[in-house]
Amino acid sequence: MVTTMEKDIKALIIIPAYNESENIVRVINHLTTQAPQFDYLIVNDGSTDTTLNICANQHYQYLNLPINLGIGGAVQAGYVYARRNNYDIAVQMDGDGQHDIAYLEKMLEPLISGEADIVIGSRFLKKEGFQSSKTRRIGISILSMLIKLTTGQRIMDVTSGYRAVNRRFIDVYSRDYPTDYPEPEAIVTAIMHGGRITEMPVQMKAREGGTSSITFRKSIYYMIKVTLAILICRLSYGFRRERKRV
């Protein structure tokens with residue numbers, strides 16, 4: 001097994017956090033005890049609870065956004081930080097405690113060996129651990145099929161927020177990252193940039209504290225918005241290629 005320590009890889013874990021006061025201490029304690037070799041950056045996305053105070057009082061490494069930009073803006077801010085500080089690899093990890101750091105070294109292997117540009121931690125390859133609700137799984141399957149139809153590539157867990165990218169896609173995502181609910185659209189963006197994507201099986205946990213920002217009403221909006229975003233993203237890149245040929 002090739003580790004980041006053996007290859008002297010500089011890796012950053014980006015943790016977007018909006019109102020995660022009930023979870024953030026647990027997340028950082030888990031990270032710093034289980035994987036102290038990795039740097040991390042909490043991106044406080046305009047939280048209205050005590051998340052910012054906790055980060056400051058605990059002397060965590062954090063970036064504070066004065067207004068709420070949404071998950072896409074928070075993650076992109078992390079990629080900008082990673083690019084400016086010359087990181088080789090950036091990892092997205094949610095601030096709610098669902099993602100297990102134990103899988104990270106395995107996820108990084110395809111990036112370190114040069115076999116992939118992006119690695120997605122997938123719940124659905126082995127179907128172990130927390131699988132989300134039945135309604136959300138149906139929605140994820142629909143988006144997976146849509147991405148397959150529009151790009152030719154099948155990704156099982158298109159909404160997974162547990163993913164790692166190499167230096168090339170740190171640069172891409174720091175300049176071009178979707179807003180709002182970005183994970184499926186970011187996959188299309190990567191494929192349109194010629195990115196090599198692979199999935200690795202992981203087990204995720206149910207949220208232990210706080211509440212998810214995706215309500216039933218937002219789930220309907222999510223499906224409509226993301227479907228349109230995927231189609232527009234695919235068409236826009238096709239249009240750019242045609243213009244370059246002319």
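What's counted below: heavy atoms across the whole structure, side chains too, no hydrogens, waters or symmetry copies.
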Could you tell me whether the side chain of Ile89 reaches within less than 4.5 Å of the side chain of Tyr87, counting heavy atoms only? no

With sequence neighbours left out, write down each residue that passes side-chain hydrogen bond (donor to acceptor under 3.5 Å, both in side chains) with Asp157, or none if nothing qualifies. Arg123

Distance col, row Met145:CE vs Leu143:CG, nearest 0.5 angstrom, shows 9.0 Å

Taking Arg175 first and then Asp171, would you say they form a salt bridge - that is, a charged N and a carboxylate O separated by under 4.0 Å? yes

Taking atom CD of Glu185 and atom CG of Leu228, what is their separation to the nearest 0.5 Å? 10.5 Å

Those residues at least two apart in sequence (or on a different chain) that pass side chain to side chain contact (heavy atoms under 4.5 Å, CB included) with Asp100 are His30, Ala102, Tyr103, Lys205

Only counting residues at least two apart or in another chain, list the ones meeting ring-ring contact (aromatic ring centres under 6.0 Å, His included) with Tyr173. Tyr79, Phe169, Tyr177

Do any N or O atoms from the side chain of Thr179 and from the backbone of Gly72 form a donor-acceptor pair under 3.5 angstrom? no

Heavy-atom check, side chain of Gln76 versus side chain of Leu69, under 4.5 Å: no

Out of curiosity, Asp96 CG to Met204 CE, how far, rounded to the nearest 0.5 Å? 10.0 Å

Indicate yes or no: at least one non-hydrogen side-chain atom of Asp94 is less than 4.5 angstrom from one of Asn23. no

Pairs satisfying ring pair (Phe, Tyr, Trp, His ring centres under 6.0 Å), at least one member in residues 134-156, at least two apart: none

If you define the side chain from C-beta out and look only at heavy atoms, does anything of Ile15 sit under 4.5 Å from Val43? no

Listed partners of Tyr162 passing ring-ring contact (aromatic ring centres under 6.0 Å, His included), at least two apart: His99

Can you pull the salt bridge (charged side-chain N to carboxylate O under 4.0 Å, His left out) pairs that have at least one residue in residues 61-75, sequence neighbours excluded? none

So, for Pro178 and Ala186, which heavy atoms are closest and what is the spacing to 0.1 Å? CG-N, 3.6 Å

Those residues at least two apart in sequence (or on a different chain) that pass side chain to side chain contact (heavy atoms under 4.5 Å, CB included) with Gln58 are Ile54, Tyr60

Do Ile140 and Val158 have side chains that approach each other closer than 4.5 Å (heavy atoms only, starting at C-beta)? yes

Pairs where residues 187-202 contributes a residue and the test salt bridge (charged side-chain N to carboxylate O under 4.0 Å, His left out) is met, not counting sequence neighbours: Asp117-Arg196

Criterion side chain to side chain contact (heavy atoms under 4.5 Å, CB included) on Arg163 and Glu183, from CA distance to verdict: CA-CA 10 Å; Arg163 52 186 68 180; Glu183 290 88 358; 3.5 Å; yes

Can you list every pair that meets salt bridge (charged side-chain N to carboxylate O under 4.0 Å, His left out) and has a residue in residues 30-59, with sequence neighbours left out? none

With a 4.5 Å cut-off on side-chain heavy-atom distances among I, L, V, M, F, W and Y, is there a chain of contacts connecting Val80 to Tyr40? no

So, does Thr150 use its side chain to make a donor-acceptor pair with the main chain of Ile147 at under 3.5 Å? yes

Considering only NZ, NE, NH1 and NH2 on the basic side and carboxylate oxygens on the acidic side, decide whether Asp88 and Lys10 come within less than 4.0 Å. no

Partner residues of Ser141 under the side chain to side chain contact (heavy atoms under 4.5 Å, CB included) criterion, sequence neighbours left out: none

How close do Ala116 and Asn166 get, counting heavy atoms only, and between which atoms? O-ND2, 3.9 Å

Residue set satisfying salt bridge (Lys or Arg N to Asp or Glu O under 4.0 Å) with Arg83, at least two apart, ordered chain then number -> none

Quick one: closest heavy-atom pair of Ile71 and Pro16, and the distance? CD1-CG, 3.4 Å

Closest non-hydrogen atoms of Met156 and Ser122, given as atom of the first, atom of the second and distance, are CB-OG, 4.2 Å

No-hydrogen, no-angle side-chain donor-acceptor test under 3.5 Å, Gln98 and Gln203: no

For Glu20 and Ser47, run side chain to side chain contact (heavy atoms under 4.5 Å, CB included): C-alpha distance rounded to whole Å, both residues' side-chain angles, the deciding distance at 0.1 Å, then the answer. CA-CA 8 Å; Glu20 294 292 359; Ser47 295; over 6 Å; no

Given Ile42, which of Ile28, Ile13, Leu63, Val27 fulfils the side chain to side chain contact (heavy atoms under 4.5 Å, CB included) condition? Ile28

Under the side chain to side chain contact (heavy atoms under 4.5 Å, CB included) criterion, do Ile142 and Leu146 qualify, and how do the steps go? CA-CA 6 Å; Ile142 292 171; Leu146 179 61; 5.6 Å; no

Report the residues that fulfil side chain to side chain contact (heavy atoms under 4.5 Å, CB included) with Thr48, sequence neighbours left out, ordered by chain and then residue number. Tyr18, Asn19

On a heavy-atom basis, which atom in Thr51 and which in Ser21 lie closest, and how many Å separate them? OG1-N, 3.2 Å

If you take all heavy atoms of Leu65 and Ala77, which pair is closest and at what distance? CD2-CB, 4.3 Å

Quick one: are Ile120 and Ile187 in side-chain contact, heavy atoms under 4.5 Å? yes

Is it the case that Thr50 and Asn53 place a side-chain donor and acceptor less than 3.5 Å from each other? no

Any side-chain heavy-atom pair of Ile112 and Ile9 under 4.5 Å: yes

Taken to the nearest 0.5 Å, the spacing of Asn44 CG from Asn64 CG works out to 5.0 Å

Stepwise side chain to side chain contact (heavy atoms under 4.5 Å, CB included) test for Leu12 and Leu41: CA-CA 7 Å; Leu12 175 72; Leu41 178 72; 4.1 Å; yes

One should read off an interatomic distance between Ile170 CD1 and Asn86 CG, to the nearest 0.5 angstrom, of 9.0 Å

Cluster overlap Leu231 with Leu149, hydrophobic side-chain contacts below 4.5 Å: no

Is any side-chain heavy atom of Leu108 less than 4.5 Å from a side-chain heavy atom of Leu104? yes

